[in-house]
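Let me begin by presenting the structure, written as structure tokens, before commenting on it.
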Number of protein chains: 2
Amino acid sequence: MIKIVDVAREAGVAPSTVSRALNNHPTVGEEYVRRVKVAAEKLGYRPNGVARSLRRQSTDFIALIIPDIGNHFHTAVARGVEDVAREAGLSVLLCNSDEDAAKEATYIGVALSEKVAGVLLCPHNSDSDISLLTENSIPVVAIDRTLGENIDAVTTDSVHGAREATAHLIREGWTRPGCSAGPTDIETAKWRAQGYVEAVLAAGGEPIVEHGTFDQQGGADTAAALLDREDPPDSLFVSSEQMALGVLAELKRRGLEPGRDIGILTFDDTPWAQLIYPPMTVVEQPAYDVGAKAARMLVERIRGGSRLEARQVSLPTRLIVRGSSLR
Amino acid sequence: MIKIVDVAREAGVAPSTVSRALNNHPTVGEEYVRRVKVAAEKLGYRPNGVARSLRRQSTDFIALIIPDIGNHFHTAVARGVEDVAREAGLSVLLCNSDEDAAKEATYIGVALSEKVAGVLLCPHNSDSDISLLTENSIPVVAIDRTLGENIDAVTTDSVHGAREATAHLIREGWTRPGCSAGPTDIETAKWRAQGYVEAVLAAGGEPIVEHGTFDQQGGADTAAALLDREDPPDSLFVSSEQMALGVLAELKRRGLEPGRDIGILTFDDTPWAQLIYPPMTVVEQPAYDVGAKAARMLVERIRGGSRLEARQVSLPTRLIVRGSSLR
DNA sequence: TTGAAAGCGGTACCAA
DNA sequence: TTGGTACCGCTTTCAA
């Protein structure tokens, strides 16, 4: 392994000069820069990132802590994050927390130990303890959910999206929309249920909310519970794409056809939403942009913006009407 | 930031003893271990991973270089990798290469600079240059595609899967299957086209292969090209899930219904495959297992198995017949 | 502008 | 078994 002293010897200069030359320090003579670069090239020198990190007291890593990369929304977020990070010369540490506070805490520990430059966290809930990070001045940007007023956050306007979607159901003539909602301790799930409730109440109706896990099973369970009621809803607002998969399976099992026997729409647009029959009406979230924006904000913090006011950005959702919600 | 000397002072021992105690070195007296752990706990000591890495000449990171985390197959692979890595105390660096040799090379450089413990690479093609890694004894395991006989690889049996799928189409009574194939320079695409060709020839038919990119656009393009032929195929073997989305869109545009007007099946099972109408027949690949298995093999190499023979593991695919391929 | 040298925070060798 | 200390490779201050 070639190191800096080897290059220095080859170029006939001091190690410090090599370091400066290679890092484009302005105070190095042109002749020296050339000599150093030639020597480095000749020897195939590759700087040791670990040593640099130790000396500089900071790395070029950022940690991305999300519940599950398998979830389509988070996949897109990750893609946005990675694109911006690469652009900024940062590498992404992928951490799946599985909505598990313990795993989340473990990863926060890793982020600290490994001295990451910053953390993007989709927190299990607002109680997530990031004090270890803030105490050590490691910038944090919350994704999709918030972490209190003092922490940067990029979210989507779930309340508005859910309200708009539910109002659309009612406008279409469905008289009794129900809600397949996510876990009560997850902020986005709460927001979406809230938007739903607001819209139903505004129309003088009675909200019917069933909470379940934020996955396929949760979708199937809540759909079953709602439809097994004595006074079942005639349409469903589903809180997430993963849940929608479960809901659709349950409807299929019961021989219920969306858009005919029951109205249905869901959060998150997916590639398959328009391929199923009938095509699924969705509340689209700009997932990629959420990731990209959050990453950009984190980069700003890393580049020295610690004195900036905390910024809470909410990106707009968009209702895409397809067949499943029509009457 | 508390460091090891602080703990040493608090515990009244030498720094080396603290290090040994905290790393469960067997030669430390119980009393000392206790004192050190108490002191560390009291001061809230967190080891500095960067310093440890520099001294040990190795980190606890592995790089996962895949074309695109947005691709369902790779998402599942990533999940498998991450689960095994966490179990082994390793963190995953996420790198999207976008099937771009330059980006791939960049990330290989990062892996080297950052002294990762190992690399999982889904190579753009067999020419991918990993000499930087092998020369520096950084273990590499290829995922989904191979890197020559000397490098560990975990793949799925694409040839067999494609042959079985195409044979199924023919058995169902489709007389002229065509193939929406991926790029000619990607190994898996070649394998799948090969399996398709073998099956068609075995049945005495004429292979019709159209190559396109491994994405939605490529699916739409190849489907259009195939169907615009003077002697169009009456059924399609599609090379990947992403392509299938494009193919389906193109069929829809032309008013062709799978399983009635045209037979169709694709590689990769997805959550939506059984929700569309008709449900999609697929060749399922054990994506999660591919990632998990590859990660396990990499961990073995990292834990000192550099003298092991290179192992090439091929995981079986499974044909899942649904409606889209029936006649 | 360049060079010498002191660390960054652990680890592991060597001596006691 | 424990302590002292050199060292991992780079950056950066200080002196020349």
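Note that this is a predicted model, so its numbers are computed, not measured. Residue numbers begin at 1 in each chain, while the letters A, B, ... track the order of the sequences.
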Run the salt-bridge test on Glu187(B) and Lys190(B) with the 4.0 Å N-O cut-off and return the result as yes or no. no

Nucleotide dG9(D), atom P - distance to CZ of Arg9(A) in whole Å: 13 Å

Taking dT13(D), dT11(C), dC10(D) as options, the one with an atom nearest any side-chain atom of Arg20(A) is dT13(D)

Base, sugar-phosphate or nothing for Val18(A)? Non-hydrogen atoms, less than 4.0 Å. nothing

Within the supplied structure, the quantity of interest is the number of heavy atoms (other residues, nucleotides, ligands) at a distance under 6.0 Å from Glu31(B) CD; does it exceed 12? yes

So, Arg9(A) and Asp6(A), do they make that salt bridge, N to O below 4.0 Å? yes

Would you call Arg296(B) and Asp83(B) a salt bridge, taking side-chain N to carboxylate O under 4.0 Å as the test? no

Does a sphere of radius 6.0 Å around CD in Glu30(B) hold more than 12 heavy atoms from other residues, nucleotides or ligands, not counting ones at 6.0 Å or beyond? no

May I have the distance from Ile2(B) (atom CD1) to dC8(C) (atom C1'), rounded to whole angstrom? 16 Å

When rounded to whole Å, the CD to P distance for the pair Gln57(B) and dA12(C) reads 11 Å

Considering only heavy side-chain atoms of Arg52(B), the closest of dT11(C), dT2(D), dT11(D) is dT11(C)

Without decimals, in angstroms, what is the distance between Asn136(B) CG and dC8(D) C1'? 16 Å

Nearest-Å distance for atom pair NZ/P, residues Lys115(B) and dG10(C): 21 Å

Leu54(B), nearest nucleotide to its side chain (from dT11(C), dT1(C), dC8(D)): dC8(D)

Ala14(A) side chain: which of dG9(D), dA4(C), dG9(C) is closest? dA4(C)

Do the side-chain N or O atoms of Ser19(B) get closer than 4.0 angstrom to the phosphate oxygens (OP1, OP2) of dG10(C)? no

Taking the minimum atom-to-atom distance to the side chain of Ile4(A), which one of dG3(D), dG9(C), dT11(D) wins? dT11(D)

Answer with base, sugar-phosphate or nothing: what part of the nucleic acid does Val13(B) contact at a heavy-atom distance below 4.0 Å? sugar-phosphate

Using whole Å, report how far CG of Asn23(A) lies from P of dG9(D). 17 Å

note: Arg35(A), atom CZ; dG3(C), atom P; distance rounded to Å ~ 8 Å

Judged by each residue's nearest nucleotide on DNA chain C, which is more toward the 5′ side, Gly12(A) or Tyr45(B)? Gly12(A)

Can you check the His25(B) NE2 to dA12(C) P distance for me, whole Å? 8 Å

When you get a sec, tell me which of dG10(C), dG9(D), dG3(C) is the closest nucleotide to the side chain of Thr17(A)? dG3(C)

Does Asn48(B) put a side-chain nitrogen or oxygen below 4.0 Å from OP1 or OP2 of dC8(C)? no

Can you tell which of dT11(D), dT2(C), dG9(C) lies closest to the side chain of Arg56(A)? dT11(D)

Val28(A) has its side chain closest, among dT11(D), dG3(D), dT2(C), to dT2(C)

Would you mind checking if Arg303(A) and Glu300(A) are paired as a salt bridge, meaning a charged N to carboxylate O distance below 4.0 Å? no

Which one, dT5(D), dG9(D), dT2(D), comes nearest to the side chain of Ser16(B)? dT5(D)

Which nucleotide in the set dG9(C), dG3(D), dG7(C) lies at the smallest distance from any side-chain heavy atom of Arg55(A)? dG7(C)

